[in-house]
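What follows is a single structure, written as structure tokens, with notes after it.
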Amino acid sequence: QVHLVESGGGVAQAGGSLRLSCAASGQTISTYTMGWFRQPPGKERDFVAAIPWTGNRKAYADSVQGRFTIARDNAAETVYLHMNSLKPEDTAIYYCAARDGLTASTDSRQYNYWGQGTQVTVGS
């Protein structure tokens, strides 16, 4: 069983930056693919970024490509989402997820464990 806890959410101005963290416990995530998803108000949960356990072949949603960076520290059992050039449309609850698989899947159904989420609000 993997327990995930997100942190780092908050309020930012358009053009600003935030860094989200996802701390894992209960079982090592060193061989899991990790992902970030987000759910804007009144909308469905969407894929944001994913990183395999090797750290290679990352995947990003088109809407965040070039602005967001996903990274992981396996020794610290932590995954990060660096968010730059934030836009009001990035406002959402951001969820961390773990997948017992080798590829950076964009499909939320492929992920086995989920955190509770952290709110990100971007003002215009």
Shortest non-hydrogen contact between [X] and [Y], atoms and distance:
X     : Y      : value
Ala14 : Ser124 : CB-CA, 4.3 Å
Ala50 : Ala104 : CB-CB, 3.7 Å
Leu20 : Val120 : CD2-CG2, 4.0 Å
Ala92 : Gln119 : O-NE2, 3.4 Å

(request) Determine whether more than 12 heavy atoms belonging to other residues, nucleotides or ligands lie under 6.0 Å from atom CH2 of Trp114. (result) yes
When rounded to the nearest 0.5 angstrom, what is the spacing between [atom1] in [X] and [atom2] in [Y]?
X      : Y     : atom1 : atom2 : value
Trp36  : Met83 : CH2   : CE    : 8.0 Å
Met34  : Cys22 : CE    : SG    : 4.5 Å
Leu102 : Arg57 : CG    : CZ    : 11.5 Å

Verify the distance criterion only: is there a donor paired with an acceptor across the side chains of [X] and [Y] at less than 3.5 Å?
X      : Y     : result
Glu77  : Thr28 : yes
Tyr113 : Gln27 : no
Asp73  : Thr78 : no
Ser63  : Arg67 : no

(message) What verdict does the side chain to side chain contact (heavy atoms under 4.5 Å, CB included) test give for Tyr80 and Arg19, after you've listed the backbone C-alpha separation in whole Å, the side-chain angles of each residue and the deciding distance to 0.1 Å?
(response) CA-CA 7 Å; Tyr80 304 96; Arg19 187 186 76 166; 3.8 Å; yes
Side-chain heavy-atom pair [X], [Y] within 4.5 angstrom cut-off:
X     : Y     : value
Tyr60 : Val48 : no
Leu86 : Gln13 : no
Ile29 : Val2  : yes

(message) Counting the benzene-type ring for Trp, do Phe37 and Tyr111 have ring centres under 6.0 Å apart?
(response) yes
Where the side chain of [X] meets the backbone of [Y], is there a donor-acceptor pair that is under 3.5 Å apart?
X      : Y      : answer
Asn112 : Asp100 : yes
Lys58  : Ile70  : yes
Arg72  : Ala76  : no
Glu6   : Cys96  : yes
Thr33  : Gly101 : yes

(message) My understanding is that only one of Thr91, Asp46, Asp90 makes a side-chain hydrogen bond (donor to acceptor under 3.5 Å, both in side chains) with Arg38; could you say which?
(response) Asp90
Cluster question for you: counting only ILVMFWY and a side-chain heavy-atom cut-off of under 4.5 Å, with indirect links fine, are [X] and [Y] together?
X      : Y     : result
Val122 : Ile93 : no
Val79  : Phe47 : no
Leu4   : Tyr94 : yes

(request) Determine, for Tyr95 and Arg45, whether the Lys NZ or Arg CZ falls below 6.0 Å from the six-membered ring centre while staying within 45 degrees of the axis. (result) yes
